[in-house]
Every structure is written in C-alpha cells, then in structure tokens.
Amino acid sequence: MQRIRVKTALASDAPMDFIRIQGWVRTRRDSKGFSFLEINDGSCLKNIQVIIDQDTPAFADLKDIQTGASIEVSGALMESPGKGQRWEIKARDLKLFGAADPESYPLQKKRHSDEFLRTTAHLRARTNKYGALFRIRSESAFSVHQYFRDKGFIYLNSPIITGSDCEGAGELFRVTTLPVNLPHTESKTDIFQDDFFGKEAGLTVSGQLEAELFACALGNVYTFGPTFRAENSNTPRHAAEFWMIEPEMAFADLSDNMDLAEDLVKHMTRHVVEQCSEDLELFARFVDKDLMKHVEMVLNSTYERIPYAEAIDILKKSGKFFEFPVDFGVDLQTEHERYLCETHFQKPVIVYDYPKAIKAFYMRLNDDNDTVAAMDLLVPRVGELVGGSQREERYDVLKRRILESGMDPADYWWYLDIRRYGTVYHSGFGLGFERFLMMVTGVTNIRDIIPFPRTPKHLEF
RNA sequence: UCCCCGGUAGCUCAAUCGGCAGAGCGGGUGGCUGUUAACCACUAGGUUCGAGGUUCAAGUCCUCGCCGGGGAGCCA
C-alpha cells in the first residue's frame with residue numbers, strides 16, 4: 001500500500017480504518033500506558049498526531065523512536081478526542097527506519113537561531129520554519145513559469161558557461177580545466193588557448209544578452225536560472241550563487257517594462273498568499289509581525305513611478321540628513337532608496353531615466369543624450385528587487401556606447417548583429433528570486449532563503 | 001574589502017568593580033490513564049573560540065589570530 005501524505009490525511013473528511021504514513025518524528029510524549037508521537041513528512045507545516053496504546057504491537061517498538069527518527073505508522077485515522085487537532089492516528093504497527101540519537105541529533109524540540117541552523121543546513125529543512133520556507137520557494141518558482149506561460153512568453157535556458165568576460169554586471173567565476181600549478185611564464189592569452197574552450201570562460205552573471213537575441217526572434221522570452229557573482233560582498237542581501245528571472249520583450253518600451261515588472265511581482269505575491277497561506281502564516285506570526293501589512297501593500301498599491309531627477313529632488317528637499325550626500329549624477333545609496341519607498345511614498349517605487357554614466361552600456365540612450373531608459377523597482381526593506389531597461393536598439397549608438405565603456409565591439413559582434421538585421425525596440429529586466437522571497441516571508445538574510453547558500457569563504461554541503 | 005558588535009554547557013543566554021562558572025530549554029533515570037512547547041522529581045553535562053601578556057587572582061583587562069552577526073560599498 002502506498003503511503004498517504006500527512007497533508008492528505010489531515011484533509012480527510014471521514015475516518016479511515018486503515019492508513020499508513022511515513023515521516024520523521026517531531027516529538028514524543030509519554031504517559032503511563034500510552035505515548036503520543038507527532039509525525040511530519042514535509043508535505044505541510046502541520047504534524048499528524050499518533051497515539052500508541054500499550055496493548056498494541058506498536059507499543060513494544062517505541063524504544064528507539066525519538067525526535068528525528070524516521071518511521072512508518074500503520075493504524076486507523078480517527079477523530080481526535082483531544083483538543084488541538086481534528087484527526088489523529090491510532091497506531092497498530094510501528095516500523096523504525098532510522099533512529100536519531102537524542103544525545104547528538106542537533107534539532108531539539110525548541111526554537112533554534114538562524115545562525116545555528118545555517119551550520120546545520122543539511123537538517124534545517126526538517127524544522128517548521130525552513131520546511132515552510134522551501135515550500136514557499138517551490139510554489140513561487142512555479143508561479144513564475146505559470147505567469148509567463150499564460151502571457152505567451154517562451155522559456156529560454158540561457159547558457160551557464162559564458163565567454164563574454166565583461167557583461168558589466170559583476171566579477172566572473174572562472175571556468176577552467178587547466179592544472180592549478182600552471183607556470184606563470186606564458187602570457188594570459190596563450191594560457192587560455194590550451195583551456196577547454198580555447199578562450200577564457202566563466203559562469204554567467206546574467207542571461208540578459210542571450211535573452212535579447214531570443215526576444216528578437218520569438219517575441220517575448222524569459223530566463224529563470226542560477227546566476228553567479230564572484231564579488232566579495234558580505235551582506236544579508238548578497239550571495240555568490242542566486243536565481244534570477246529575466247524577461248525580455250520585443251516591441252516593448254520602458255513603460256511596458258515597468259508594467260510587466262509590477263504585474264509579475266503582484267502575481268507571484270498573490271500566488272504565495274493564495275497557495276501557501278498556512279506556511280505564510282508562520283512567518284507572519286514568528287518572523288515579522290507586520291508581514292501581512294507589507295504583503296497587502298505590495299499587492300494592492302499602484303507602484304510610484306518617478307524619474308531619477310525627481311527622486312533626487314525629493315531627497316534633497318526631504319530635510320533628512322544622509323550619510324552620503326544626494327546629488328544629480330550620483331547613484332542612489334541604500335539609505336536613499338529606503339527613504340523613498342519606506343518613508344516618502346511608503347510603497348514600492350520605480351525610479352527611471354538614470355544618468356548614463358552610472359548605468360550599463362546596453363541601456364537605451366534617451367533623447368536628452370544624458371540619461372538612459374533604465375528602471376529600478378525598489379521595495380520597502382528589501383531595496384532593489386528589479387533592475388531593467390529598454391535596450392539600445394540603434395547599431396551606431398550601441399557601438400559607440402561599447403567603445404565609451406572601454407570594451408571591444410568585436411567581443412560583442414553577435415550582440416551588435418541583431419541591431420544590424422531587423423532591429424527592434426525591446427526591453428527587459430532582472431528580478432532577484434531570493435529577494436522576492438525575502439520580501440514575501442520577511443526573512444532578512446539571503447543565506448536563509450537559499451537551500452545551501454554560497455557566500456565568500458562558505459562552500460559547505 | 002572597510003567600520004561596529006559579539007564568541008561562556010548540546011541550544012538560547014546570565015555572571016555587578018577583576019574575586020567559588022550559573023539558569024532555562026534539550027539529554028538521561030524514575031513517576032503520571034488524553035498529551036500537544038506535556039507535566040512532576042532526581043541527575044549528568046565546562047580547555048569560558050585559540051595563542052600570548054598584565055595581575056596575588058582573568059569569562060571579565062591588553063595584543064594578535066580564527067569564527068559569527070550587523071552596517072557600508074557592489075548589485076539581484
């Protein structure tokens with residue numbers, strides 16, 4: 001007989017003469033003559049309570065069944081006479097698969113700190129909080145695919161290994177099969193001629209450039225995959241390996257781009273609220289008391305859209321002291337972003353039309369010749385959730401911008417080529433998947449959002 | 001990478017002015033006929049992150065190192 005998942009059992013509308021569940025013991029309570037077990041199998045936040053009477057065969061097998069043990073319970077699903085749960089299992093037989101020595105099993109029947117659980121990442125998904133979190137992560141990923149499929153976007157698997165070494169989005173991890181003890185006598189170019197690809201290779205920092213190529217063929221596309229940045233940044237919002245969602249649309253301008261970003265964020269948030277209400281409730285109760293207020297705000301507000309120049313104006317007139325002075329031409333600091341969305345507008349804000357000097361070469365130059373059609377979506381407490389732009393579709397302008405950025409147009413011949421043949425105005429953005437999850441759960445450290453986070457000096461598990 | 005804070009029992013923390021290293025939870029043992037963060041009693045458990053220094057005396061003060069957290073930069 002197939003096991004029944006705890007989620008299904010708890011949703012039953014009638015008692016069952018026979019039921020078999022398999023999972024891990026969360027807690028055991030003994031009284032004289034009987035014991036209670038609570039079993040969790042990861043299917044939902046709730047445990048199912050099992051009662052074992054001393055006159056059943058199961059009672060004799062209780063000995064090594066303690067917190068953390070993996071077991072199978074066979075018995076009857078009955079209405080629980082106790083308070084706190086509708087259903088419980090009256091056990092007939094117990095089968096122990098693997099015991100968990102209570103002296104050394106790291107997870108106790110008590111709250112653990114996130115810092116401690118990070119050192120126990122191979123087991124932390126067995127806790128209420130992390131189980132809930134990773135179910136929400138899974139549902140959120142599904143909602144991305146659902147959203148784009150419904151909108152007629154094509155899912156593109158952009159390459160993980162890249163040969164373009166300066167996409168302008170951060171430091172690359174090098175990919176090589178060369179021996180580590182290579183003598184340093186040869187020049188750099190010579191070395192990579194002998195490497196696997198015959199040229200310097202790295203892990204992708206963005207799928208955007210490839211997504212643009214496909215958008216200019218299939219119309220609307222998106223990527224959703226891992227992204228790697230070799231930056232030595234040590235903050236609760238950065239990881240060396242994270243997941244990014246990058247839609248790219250042909251025949252779309254910056255305004256269309258903002259519409260899509262706002263709509264996508266709302267869709268994903270709504271999906272989590274509707275499909276993960278029980279798991280989300282845990283975060284609203286224990287992680288962030290104001291969570292639902294913020295989620296409502298993300299769902300129901302119209303996001304403010306202001307040009308960069310206006311943002312600077314607001315900040316200057318705010319009368320607030322900033323550690324980093326505000327001035328046109330200077331990029332917004334974290335404190336500025338927070339003031340805009342947390343204090344001034346108190347809702348998500350899209351800042352657009354940034355000075356070209358502080359943005360990437362591929363962003364479309366505006367008619368003022370001074371700003372580019374870039375946009376950042378800022379949300380309270382998380383900061384920049386989305387960064388995107390209308391792309392420069394004019395061959396000559398793009399080539400000039402590449403040169404001005406100190407790069408070699410020859411390295412981007414294919415990127416320039418789609419501007420030579422049937423070029424089209426187009427737009428796209430990147431949405432940090434983990435940052436979305438931080439926003440929707442209230443978890444403040446990205447290392448607690450990723451199953452096995454990779455950060456500087458951390459590559460365990 | 002820079003700045004700030006921290007590291008004491010398995011976990012979370014306390015230890016006043018430098019003066020006998022403690023509590024709660026968790027673990028073990030026993031009890032308890034419907035528990036649910038079970039309850040009650042008893043009990044074990046320490047290189048106070050490491051190395052050096054000051055002192056009659058260091059968890060506490062000083063130096064260096066390691067690790068962790070927060071802030072900044074960069075960005076998703």
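Within every chain, numbering begins at 1; the chains are lettered A, B, ... in the order of the sequence lines, protein sequences first and strands thereafter.
Of the listed nucleotides (B:rA76, B:rG68, B:rG24), B:rG24 has the atom at the smallest distance from the side chain of A:Lys110. In this structure, of B:rC11, B:rU1, B:rU12, it is B:rU1 that holds the atom nearest to the side chain of A:Asn232. Closest contact between the side chain of A:Lys109 and the listed nucleotides B:rG27, B:rC11, B:rC32 involves B:rG27. Of the candidate nucleotides B:rG69, B:rC32, B:rG28, B:rG28 has the atom nearest to the side chain of A:Gln66. With B:rG73, B:rC75, B:rG70 as the choices, the nucleotide that has an atom nearest any side-chain atom of A:Glu337 turns out to be B:rC75. Residue A:Pro102 places its side chain closer to B:rG28 than to any other of B:rG28, B:rG70, B:rC74. The nucleotide whose nearest atom lies closest to any side-chain atom of A:Gln333 is, among B:rU35, B:rG73, B:rG69, B:rG73. Relative to the side chain of A:Thr235, the nucleotides B:rG73, B:rG10, B:rG71 differ in distance, and B:rG73 lies closest. Nearest to the side-chain atoms of A:Asp30 among the listed nucleotides B:rC32, B:rG69, B:rU12 stands B:rC32. Comparing atom distances between the A:Pro236 side chain and each of B:rG34, B:rC75, B:rG71 picks out B:rG71 as nearest.
One interatomic measurement links the two molecules: CG of A:Asp448 to C1' of B:rG70, which rounds to 14 Å at whole-angstrom precision. Taking atom OH of residue A:Tyr354 and atom P of nucleotide B:rC75, one finds them 11 Å apart after rounding to whole Å. Protein atom OH of A:Tyr222 is 18 Å distant from nucleotide atom C1' of B:rA76, rounded to whole Å. Note: CD (A:Glu335) to P (B:rG73) measures 7 Å, nearest angstrom. The NE2 atom of A:His112 sits 8 Å away from the C1' atom of B:rG26 (whole-angstrom rounding). As rounded to whole Å, 14 Å separates atom C1' of B:rU29 from atom NZ of A:Lys63. To the nearest angstrom, P of B:rC11 lies 18 Å from NZ of A:Lys129. Straight-line distance from the CE atom of A:Met268 to the P atom of B:rA76: 16 Å, rounded to whole Å.
In terms of polar N and O atoms assigned as donor or acceptor, the side chain of A:Gln85 comes within less than 3.5 Å of the base of B:rU35 in a complementary pairing. The base of B:rG34 sits within donor-acceptor range of the side chain of A:Glu88, with an N or O pair under 3.5 Å. For A:Arg29 against B:rC32, no side-chain N or O and base N or O form a donor-acceptor pair under 3.5 Å. Taking only distance into account, the side chain of A:His238 meets the base of B:rC75 through a donor-acceptor pair shorter than 3.5 Å. Contact of A:Glu115 with B:rG69 (side chain to base): no donor-acceptor pair of N or O atoms is detected under 3.5 Å.
Applying ring-ring contact (aromatic ring centres under 6.0 Å, His included) to A:Trp243 and the options A:Phe228, A:Phe433, A:Phe224 leaves one that passes, A:Phe224.
Residue A:Arg447 is in sugar-phosphate contact alone, with no base atom involved, counting any heavy-atom pair closer than 4.0 Å across all strands shown. A:Arg237 comes within contact range of at least one nucleobase, with a heavy-atom separation under 4.0 Å. Nucleic acid contact for A:Ile446: base, since at least one base atom lies under 4.0 Å from a heavy atom of the residue. Within the 4.0 angstrom heavy-atom criterion, base atoms lie near A:Gly82. Within 4.0 Å of A:Asn234, counting heavy atoms only, lies at least one base atom of the nucleic acid. If you check every strand for non-hydrogen atoms under 4.0 Å, A:Phe242 touches a base. Residue A:Thr27 is classed as a sugar-phosphate contact, given heavy-atom separations below 4.0 Å to backbone atoms only.
In this structure, the separation between CD on A:Glu241 and CZ on A:Phe173 is 8.5 Å, given to the nearest 0.5 Å. Atom-to-atom distance recorded for A:Arg435:CZ and A:Met244:CE is 10.5 Å, nearest 0.5 angstrom. Interatomic distance, A:Asp41 CG to A:Ile48 CD1, rounded to the nearest 0.5 Å: 9.0 Å.
Separating the P atom of B:rC66 from that of B:rG26 is a span of 38 Å, rounded to the nearest Å. On the C1' atoms, B:rU54 is 13 Å away from B:rU60, given to the nearest whole Å. Comparing B:rG22 with B:rU48, their C1' atoms are spaced 12 Å from each other, to the whole Å. Atom name P, nucleotides B:rU55 and B:rA14: the rounded distance is 31 Å, in whole Å. Taking atom C1' on both B:rU12 and B:rG50, the two are 24 Å apart, rounded to the nearest angstrom. Comparing B:rU8 with B:rU47, their C1' atoms are spaced 12 Å from each other, to the whole Å. Rounded to whole Å, the C1' atom of B:rG71 lies 34 Å from the corresponding atom of B:rG46. Look at the P atom in both B:rG27 and B:rA72: the space between them is 40 Å, to the nearest Å.
Remark: A:Ser113 is in phosphate contact with B:rU12, judged by side-chain N or O atoms under 4.0 Å from OP1 or OP2. Regarding contacts with the backbone of B:rG68, a side-chain N or O of A:His458 is found under 4.0 angstrom from either OP1 or OP2. Between A:Thr334 and B:rG73 there is a side-chain N or O to OP1 or OP2 distance below 4.0 Å.
Using N1 to N3 plus N6-O4 or O6-N4 for Watson-Crick, or N1-O2 and O6-N3 for G-U wobble, each under 3.5 Å, B:rA41 pairs with B:rU29. Base pairing of B:rC64: its partner is B:rG50, meeting the Watson-Crick or G-U wobble criterion (both donor-acceptor distances under 3.5 Å). Within the shown strands, B:rA72 is the pairing partner of B:rU1 under the Watson-Crick or G-U definition, both distances less than 3.5 Å. Remark: B:rC13 base-pairs with B:rG22; criterion is Watson-Crick or G-U wobble with both hydrogen-bond distances under 3.5 Å.
With hydrogens and angles left out, the side-chain atoms of A:Tyr362 and A:Gln208 include a donor and acceptor closer than 3.5 Å. No side-chain donor-acceptor contact under 3.5 Å links A:Glu248 and A:Tyr222.
A salt bridge links A:Asp327 with A:Lys316: at least one charged nitrogen is closer than 4.0 Å to a carboxylate oxygen. With salt bridges taken as basic N to acidic carboxylate O contacts below 4.0 Å, none links A:Arg229 and A:Glu171. Under the 4.0 Å criterion applied to side-chain N and carboxylate O atoms, A:Asp448 and A:Lys129 are not assigned as salt-bridge partners. Ion pairing between A:Arg305 and A:Glu262 holds under the 4.0 Å rule for side-chain N and carboxylate O.
A stacking contact between A:Phe36 and B:rG34 is absent: the pair does not combine a ring-centre distance of less than 5.5 Å to the base's six-membered ring with planes differing by less than 30°.
With RNA chain B read from its 5' end, the first of the two nearest nucleotides for A:Ile51 and A:Met244 is the one closest to A:Ile51. Residue A:Lys457 is the one, among A:Glu384 and A:Lys457, whose nearest nucleotide of RNA chain B lies closer to the 5' end (criterion: closest heavy atom).
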